[in-house]
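Following: one structure in structure tokens, then a few remarks.
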Protein chains: 2
Amino acid sequence: MARSATSTRERIVSAANKLFYGDGIRGVSLDAVAAKAGVTKRTLYYHFRSKDDLVAAYLAGRDQPNLALFRKWFEEADGALPAKVEQIFRNLARSARHPKWKGCGFLRTSAELANMPGHPAIKIGAAHKKKFDAWLREVFEQAGIADASQLSRQILLLLDGSFAVVLLHRDPSYMETAGEAARSLVDGALRGRVARR
Amino acid sequence: MARSATSTRERIVSAANKLFYGDGIRGVSLDAVAAKAGVTKRTLYYHFRSKDDLVAAYLAGRDQPNLALFRKWFEEADGALPAKVEQIFRNLARSARHPKWKGCGFLRTSAELANMPGHPAIKIGAAHKKKFDAWLREVFEQAGIADASQLSRQILLLLDGSFAVVLLHRDPSYMETAGEAARSLVDGALRGRVARR
DNA sequence: TGAAGTATATTCACTGGTCGGTATACATCC
DNA sequence: GGATGTATACCGACCAGTGAATATACTTCA
């Protein structure tokens, strides 16, 4: 058969991405994924050993694009460091207003599979957040902030908190509140740096 | 048949609580709930119209006890306001070290049912968080903090963020980090109050 | 070069089991 | 005797995963 422009495997992961993110892991059958990918279920099982395998591939596919987007938002923002951090939250609030937005796929998966702590998908989610944390910490270190590690963790707590809260209340303004809190914390850390000279 | 000390309905809700909190909504069948409650499934359906109904009852049953616990932690904590707020996070970290801990039932349910925004269980979860927010806001208002509403929302973001992050990384120390951030924010708000006189 | 063999990729049809929900009947109590 | 509560048994739909067969592409070697 003629090979399509996108590989079969890619089409399956793309279909899984839309369905799993939209309806959750246990809410989506592999019949549905196969149908959306235009493939029989048996073909799906040729490319992936199990549903858990496909779930892991779904999250692995979101890792890099997500990180790149956050970095882009930060780099394109104007102003000093606190304002640049806040801008990430502003952009997030804008994307959360999209009707298909349903929170953070990594966090939602870890919530749904909380009874399987060692699940590959959860490890991928944890690694994703660690990468974001490491990037933020480096940004803070280069700005001369003393406890950059603590600050980056606090910003991440606000970020993930806003995912959870906005998903619950369906009110993206919480992300702006989180952004203001983040700005306060970064501001405070910068003042600490100056005072300590 | 002789009526037991706890009503049949209570036993069903108690069984649902343990199972839904432990394994998630879609991960638990009503057969399993009925079996754990020592009741046939038909009896369960006599007391609850549907699974969604039972899920709502499960979360409604966690509302008051949860709020009472947070208030108790706050009231029993020593020190000034920032320290008392931080103590909530410290206590949460302690409870998160229990092996059966699996995050916040309200947030996990809203994550799992994100494709059903109007689900009764999600409304109950949202109302629960609003109650906590209102209590915290009142505490801040009585302490003379100007923008008590904004501050209470920020604390809630840190709290829910720590639920999500600790569930993902299985590392309760994030709750202590969140507590320190919360203390910073309350401290800053109190200094703002003094400066503005 | 071309026939035979092998690895890759895909399909149809199916299975054993689970799930939410129900029809019907029986028991208990005011 | 009617309202309340519980039990047995069942249904149709769905779901993760599989068996057997087939089509296509690449490799080997006489």
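Keep in mind that the numbers below use all heavy atoms, side chains included, and drop hydrogens, waters and symmetry copies. A note on names: the letters A, B, ... follow the listed sequences, proteins ahead of strands, and every chain is numbered from 1. The structure displayed is predicted, hence computed values, not measured ones.
- You'll find that the side chain of A:H47 is closest to C:dT10, out of C:dT22, D:dA16, C:dT10.
- Separating the CG atom of B:D52 from the C1' atom of C:dG21 is a distance of 12 Å, rounded to the nearest angstrom.
- For residues 19-37 of chain B, the pairs satisfying salt bridge (charged side-chain N to carboxylate O under 4.0 Å, His left out) are B:D31-B:K41, with sequence neighbours left out.
- Each of A:R26 and B:R42 has a nearest nucleotide on DNA chain D; the 5'-most of these lies closest to B:R42.
- Taking the six-membered ring for Trp and thresholds of 30 and 60 degrees, A:F70 and A:W73 have ring planes more than 60 degrees apart, a perpendicular arrangement.
- Nearest to the side chain of B:Y46, among C:dT10, D:dG5, C:dG20, sits D:dG5.
- Rounded to whole angstrom, the span from the NZ atom of A:K41 across to the P atom of C:dT15 amounts to 14 Å.
- Residue B:T8 places none of its side-chain N or O atoms closer than 4.0 Å to OP1 or OP2 of D:dG5.
- Between B:K84 and B:D78, none of the side-chain N atoms (NZ, or NE/NH1/NH2) sits under 4.0 Å from a carboxylate O, so this pair counts as no salt bridge.
- Set against D:dA7, C:dT11, D:dG17, the side chain of B:V39 has D:dA7 as its closest nucleotide.
- Straight-line distance from the CZ atom of B:F48 to the P atom of C:dT22: 16 Å, rounded to whole Å.
- Nucleic acid contact for A:V28: sugar-phosphate only, since backbone atoms but no base atoms lie under 4.0 Å from a heavy atom of the residue.
- As judged by a 4.0 angstrom heavy-atom cut-off over every strand, B:T40 is placed among the base-contacting residues.
- Across the protein-nucleic acid pair, B:L44 atom CG and C:dT22 atom P stand 12 Å apart, rounded to whole Å.
- Judged by distance alone, the side chains of B:S50 and B:D52 never bring a donor and an acceptor atom under 3.5 Å apart.
- For A:K51, the listed nucleotide lying nearest its side chain is D:dA16; candidates were D:dA16, C:dT11, D:dA7.
- Among residues two or more places apart in sequence or in another chain, the side-chain contact (heavy atoms from CB on, under 4.5 Å) test is passed with A:T177 by B:R153, B:Q154, B:L157.
- Between D:dC15, C:dT11, C:dT22, one nucleotide has an atom nearer to the side chain of A:S29 than all others, and that is D:dC15.
- The CZ atom of B:R11 sits 11 Å away from the C1' atom of D:dT6 (whole-angstrom rounding).
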